[in-house]
Amino acid sequence: MDHLLQGMFGEKSLTKVAGIYTERDQADAMVDRALRLPGMQRTQVRLLGPQDARASRRDLVARSLEPEQAGIFRTLVRSHVVTGLAGAVAGVLFYAWLLRGGQPMVAGSPLLAFIAIVGFATTFGLLAGGLVTLRPDHIRLISQVRSSLRAGYWAVVIHPTDSHQALVSQDLLEGSGAEKVISTL
């Protein structure tokens, strides 16, 4: 499943897991423990503190939570291509099913029906690609982490590269006594 999703997304890390801590010592200890997870690289684990919530450091927080800016652009292109093509294929199959079934509206005007059905199906596919690119699950995580930083908490953000790392990271943070653990899909 990871390989299928990687084909549609341009980012290495599709999931983000964040733990919110009241004390810096707890957060530092979690960073050390997270770095000892199998296959975890230093660039996959970020520590953010209350000082990072200031307006002048907002870019730092954005880069820490969404570090793969070039990957996001690749996700935009790939997701639209994949979902647009999937919509077009679904439209062609639906058109063929209607034509074969003798649907009077399709049989009476096959070219216009083809254009309408495949056009709408492709459009809906492209809209789905836009939704995939927006990543609404990431927006929830980012807003909760920023709110916590403004309230004086510390955040450990982990960017796992596969589903196993995501599961292990979430288990690690949940078992660490974090105030809150937030993860994306």
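Predicted model, so just to flag it, every value in this text is computed and none were measured. Worth knowing before you read on, the calculation uses all heavy atoms, side chains too, and leaves out hydrogens, waters and symmetry mates.
- Listed here is the closest heavy atom pair of M30 and S176: SD-CB, 3.2 Å.
- With rounding to the nearest 0.5 Å, the separation of NZ in K180 from CD in E174 is 13.5 Å.
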Exercise for review: Check step by step if side chain to side chain contact (heavy atoms under 4.5 Å, CB included) holds for K16 and I158.
Suggested key: CA-CA 6 Å; K16 290 159 188 15; I158 302 174; over 6 Å; no
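- Of the possible polar contacts, none joining the D32 side chain to the A29 backbone as a donor-acceptor pair under 3.5 Å is found.
- Linking Ile, Leu, Val, Met, Phe, Trp and Tyr residues whenever their side-chain heavy atoms come within less than 4.5 Å places V181 and V31 in a single cluster.
- For the residue pair T22 and Q26, a side-chain donor N or O sits within less than 3.5 Å of a side-chain acceptor on the partner.
- Shown here are the side-chain hydrogen bond (donor to acceptor under 3.5 Å, both in side chains) partners of Q103, two or more places apart in sequence or in another chain: there are none.
- Nearest approach of V45 to A34, heavy atoms of both residues: CG2-CB, 4.1 Å.
- Side-chain N/O atoms of Q165 and S169 include no donor and acceptor closer than 3.5 Å.
- A salt bridge links R24 with D28: at least one charged nitrogen is closer than 4.0 Å to a carboxylate oxygen.
- R140 is linked by a salt bridge (charged side-chain N to carboxylate O under 4.0 Å, His left out) to nothing, counting only residues two or more places apart in sequence or in another chain.
- In this structure, a donor-acceptor pair under 3.5 Å is absent between the side chains of S147 and Y153.
- Nearest heavy-atom pair across G91 and V118 is C-CG2, 3.8 Å.
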Point to revise | Residue pair V92, F114: steps toward the side chain to side chain contact (heavy atoms under 4.5 Å, CB included) verdict | key: CA-CA 8 Å; V92 168; F114 179 83; 4.1 Å; yes
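- Across all their heavy atoms, L173 and G19 have their closest contact at CD1-N, 3.6 Å.
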**Study point:** side chain to side chain contact (heavy atoms under 4.5 Å, CB included) evaluation trace for W154 with L47
**Key:** CA-CA 7 Å; W154 291 83; L47 175 65; 4.2 Å; yes
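- Taking all atoms of both residues into account, the shortest heavy-atom contact from L76 to S79 is O-OG, 3.3 Å.
- Here the closest heavy-atom approach between residue L35 and residue Q41 is recorded as CD2-O, 3.7 Å.
- Annotation: the span from R78 atom CZ to T83 atom OG1 amounts to 13.5 Å, rounded to 0.5 Å.
- Hydrophobic clustering (side-chain heavy atoms under 4.5 Å, transitive across Ile, Leu, Val, Met, Phe, Trp, Tyr) keeps V82 apart from V89.
- Taking CG of L48 as the reference point, atom OH of Y21 lies at 13.0 Å (rounded to 0.5 Å).
- Side-chain N or O atoms of S183 include none that pairs as donor or acceptor with a backbone N or O of V17 at under 3.5 Å.
- One finds the CG atom of L93 at 11.0 Å from the CG atom of L98 (value rounded to the nearest 0.5 Å).
- Taking OG1 of T122 as the reference point, atom CD1 of I115 lies at 12.0 Å (rounded to 0.5 Å).
- Of the possible donor and acceptor atoms, none in the side chain of S148 sits under 3.5 Å from a partner among the backbone N and O of I20.
- Side-chain heavy atoms closer than 4.5 Å link hydrophobic residues (I, L, V, M, F, W, Y) into clusters, and following such links, even through other members, never connects F94 to F120.
- Although no hydrogens or angles enter the test, the distance criterion places no donor-acceptor pair under 3.5 Å between the side chain of Q170 and the main chain of L167.
- Residue L127 holds its CG atom at 8.0 Å from NE2 of H80, rounded to the nearest 0.5 Å.
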Exercise for review: Take T161 and Q44 through the test side chain to side chain contact (heavy atoms under 4.5 Å, CB included) and record every step on the way to the result.
Suggested key: CA-CA 8 Å; T161 56; Q44 291 176 259; 3.5 Å; yes
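- Distance alone, capped at 3.5 Å, is enough to place a donor-acceptor pair between the Y95 side chain and the P110 backbone.
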